[in-house]
2 protein chains.
Amino acid sequence: MKTLILAGGSGTRLFPLSRTCYPKQFIPLIDSKSLFQKSVRRALLFSKPDEITIVTNEAHRFLVADQLEEMHVTCHILSEPQGKNTLPAITYGITSILKDDPDARVAILSSDQLITPDESYKAAFLAAEKLAEKYLVTFGITPDSPHTGYGYIRPGATLDGGFQVDAFVEKPDKETAESYLRDGYLWNAGMFLFSASLFMDECRKHAPEVAEAFSLTRDEAFRETPKISVDYGVMEKTDIAAVVPLSVPWSDVGNFDALYTAQPRSEDGNAVRGEHLGIESHDNLIISDRLVATIGINDLAIIDSPDALLICPRSESQRVGEIAALLKERGDERCDLHTTVHRPWGTYTVLQCGDTFQIKRITVMPGRRISLQLHHHRSEHWVVVKGTAMVANNGNEFFVRTGESTFVPAGTKHRLENPGLIPLEVIEVQNGEYVGEDDIVRFEDDFERE
Amino acid sequence: MKTLILAGGSGTRLFPLSRTCYPKQFIPLIDSKSLFQKSVRRALLFSKPDEITIVTNEAHRFLVADQLEEMHVTCHILSEPQGKNTLPAITYGITSILKDDPDARVAILSSDQLITPDESYKAAFLAAEKLAEKYLVTFGITPDSPHTGYGYIRPGATLDGGFQVDAFVEKPDKETAESYLRDGYLWNAGMFLFSASLFMDECRKHAPEVAEAFSLTRDEAFRETPKISVDYGVMEKTDIAAVVPLSVPWSDVGNFDALYTAQPRSEDGNAVRGEHLGIESHDNLIISDRLVATIGINDLAIIDSPDALLICPRSESQRVGEIAALLKERGDERCDLHTTVHRPWGTYTVLQCGDTFQIKRITVMPGRRISLQLHHHRSEHWVVVKGTAMVANNGNEFFVRTGESTFVPAGTKHRLENPGLIPLEVIEVQNGEYVGEDDIVRFEDDFERE
């Protein structure tokens, strides 16, 4: 079975953990693995690494590559030049898969949900695979509460291992949701299993402008195609939609309250990632790298990050997007970037910034290198604290090993490369009358940046 | 007039802003000046710098010196080898002043209160100076509320510019406090004005064990003297106590709620030091170097520091000491130390600590130098980012200027000195299999540390 993982989201509903450049699916939210990495693990239940295709935003392509590398798997990565919602993303992935395998069955997984797969999960996928010959199969989560934040699916006639879809229904109010629960409706979780060719047939029938666009080049396709969801464009219109129920712990982790529910909790009801010293404090979600001390604090989400701290009642978690929106409105780049910034070659973290100096911790991934560049206004000291660096400096090339340093004067062409097998860590101390990121002249770049 | 400033407190009721090694009086709480510096400013209204004596804890001697240097004033500093409450501190200061000036009048100021001096403040001190010939004068703050957290003074017979003290009374309950307010009682603020010789007479009479101790050497005196407050030891026992009313804005800033009251506030009632983005949030005290975003958060104290965050309802502020006490119980040094640590020669801040490396920002004050030392397990790269360093390295001495660096291999005797007139700032990158503070062999130290 092929798997297509949709990893194109860029939400900021978990600000300050999530930022536009580092969205929810890439954050190690629950443990050391990100939701994206967990979705790859689920994909590996049915597909070999080279049967897995990931569709992501161009800006996140290297994040995806790094997180795969961390898992020691190599998959196909397709990047979208612009986000056009799920139907174009799926169509892009499926047309790509079809080129090699006209008979492909494709599981479509979302990368921003938390699912704990068990035997019933596997059984549901096997049932769906059979149904996929004649149906476009969606998975329906058996609800454990009358949630008003999800769309529902009304099952119709019984099929072998599932049901025909009677209707997709919108997010209900509380009362309607309760009746849905009694009537056996399922949550629409945005997970599918398609025969690739059958899907394209239905796509051509119900969303021909999307199907046609993807006969063009990638960039043309994404320019031409409308913004449209797979539900609205195909699933709600086709006569051959089927649903396979899935009874597994599931969460879309759409806000901090959902994250609280998904976390293990201590006796006093606090879900803590980090260090908490609480006096008469219960039922809080606390995420921090520092000590968080609370006295008489209950039912709050306290979310800490190096440059921003969010505090709100858990019940107000759905409003966190308003904070990111306010920042965006002000042109504040903290809605986009963390203090740790991901680059194609690795990451950098600003440790301290003065008016005439800046200190960065730079991590270069094995085999990658920063562009050949020059700064007019600053010199740079590089001290290697882990790994071995290959440094180009004013035409010379030499190694700098752990505990050694080198100096790059202003106006000198230089490049930092990691020729080794483990990540290279360098402390960079910049000195100069101006230390802004835009004082850079790039000469050669492996990643074709200007 | 001489002034004696008591700066010996070491409380942690404002954790995480205050730590044992950096207590309340030295924090720039309200603006860029600390409460201690503000008390020096008040002292300068009546005394010349060399008429001011500061009594402080030995551990804080260099903090006092640095904060005076920042103000460009030089005063006498006396340090206590151990804290024995206010009577020994005052007796120590007064015996020292008496040696040069047997007729001294001495104003005793507390360094951990917030007072805005005005004309009435000056008038009260002049009145007290006259009364001091025959009385031990205490100042009584005219209360603006029936506070239950302070002791009160019941004024008796009228004197010229004040009253005889009828009684010192304990912290009252709410009802009693209200009756005190009606009856013209004053808050006991721990500020005094004494004739030095008259004070010693009364001390010999009512607390002879203290008076006698201070005829010995400093270390013997502090070993022999009992722990006792000036109120309990002398003021409540003497027949010649007088009180001069003081009608000025006054706060002991004893907890975060008091600090909130002392701060300017925005329209929505938030008192903010730092950057706050609030949605439907009011009446909070927020202190942070980072962005603090809140939604639907009211009446909280949110107090941020590089290694610890405190959150509690303002009304629970008096319990903050419990947090510091819990940390102390666990042997957690965060109750004592900030990430920025004050040393006799300046400060250092740990920017990042890995298992085999550590990055520090070191500030050396003009004219001072770190001890001549050696590390067995780590090498150090020093990059100067401000000022000029004089470096001793393996017997060689040389200058390292802004933007330059030098390398100190493990096992090499080295020393860092600031020969200049502005603070020297150095980024230190340590590398080694062990980077603990205790890997240090000291050979020579200007500050006589081992």
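Below, all heavy atoms of this structure are taken into account, side chains as well, without hydrogens, waters or symmetry copies. Throughout, a chain's letter reflects where its sequence line sits, starting with A, and its residues are numbered from 1. Nothing here was measured: the structure is a model prediction, and the numbers come from that model.
- Residue contact with chain A, scored on non-hydrogen atoms closer than 4.5 Å, involves the side chain of Asp355(B) exclusively.
- The CG atom of Asp289(A) lies 12.0 Å from the CG atom of Leu309(B); values are rounded to the nearest 0.5 Å.
- With chain B as the partner, the residue from Ser281(A), Gly354(A), Ser305(A) showing the most heavy-atom pairs under 4.5 Å is Ser305(A).
- Using a 4.5 Å cut-off between heavy atoms, Ile323(A) contacts chain B through both its backbone and its side chain.
- Both the backbone and the side chain of Ile311(B) come within contact range of chain A, judged by heavy atoms closer than 4.5 Å.
- Between Ile297(A) and Pro313(B), the shortest heavy-atom distance links the atoms CD1-CD, 3.8 Å.
- Interface check for chain B: of the options Leu351(A), Val383(A), Thr294(A), Leu310(A), the most heavy-atom pairs under 4.5 Å are formed by Val383(A).
- Proximity to chain B among residues 426-436 of chain A is limited to Ile427(A), Val429(A), Asn431(A), judged by heavy-atom separations below 4.5 angstrom.
- In this structure, the separation between CG on Leu291(A) and CZ on Phe15(B) is 5.5 Å, given to the nearest 0.5 Å.
- Distance check: Glu316(B) CD to Ile279(A) CD1 gives 9.5 Å after rounding to the nearest 0.5 Å.
- Rounding to the nearest 0.5 Å gives a distance of 14.0 Å between CD1 of Ile359(A) and NZ of Lys360(B).
- The closest side-chain heavy-atom distance from Thr356(B) to Lys386(A) is below 4.5 Å.
- Using non-hydrogen atoms only and a strict 4.5 Å limit, the part of residues 328-338 of chain A facing chain B consists of Arg330(A), Asp332(A), Arg334(A).
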Hey, can you pull the donor-acceptor pairs under 3.5 Å for the side chains in residues 403-413 of chain B, sequence neighbours left out?
from      : atom 1 : to        : atom 2 : distance (Å)
Glu404(B) : OE1    : Arg401(B) : N      : 2.9
Ser405(B) : OG     : His381(A) : ND1    : 3.3
Thr412(B) : OG1    : Pro409(B) : O      : 2.9

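- Top candidate by heavy-atom pairs under 4.5 Å with chain A, chosen from Ser315(B), Ser317(B), Cys312(B), Gly278(B), is Cys312(B).
- At a 4.5 Å heavy-atom cutoff, Ile303(A) makes no contact with chain B through either its backbone or its side chain.
- Among the candidates Gly296(A), Ser288(A), Pro306(A), Pro16(A), the residue making the largest number of heavy-atom pairs closer than 4.5 Å to chain B is Pro306(A).
- Within the 4.5 angstrom heavy-atom criterion, no atom of Arg378(A) approaches chain B.
- Partners of His414(B) under the ring-ring contact (aromatic ring centres under 6.0 Å, His included) rule, at least two apart in sequence or in another chain, are His375(B), Trp382(B).
- Using a 4.5 Å cut-off on side-chain heavy atoms (C-beta onward), Leu326(B) and Leu277(A) make contact.
- More than 12 heavy-atom neighbours from other residues, nucleotides or ligands sit within 6.0 angstrom of CZ on Arg290(A).
- Both the backbone and the side chain of Val320(A) come within contact range of chain B, with heavy atoms under 4.5 Å apart.
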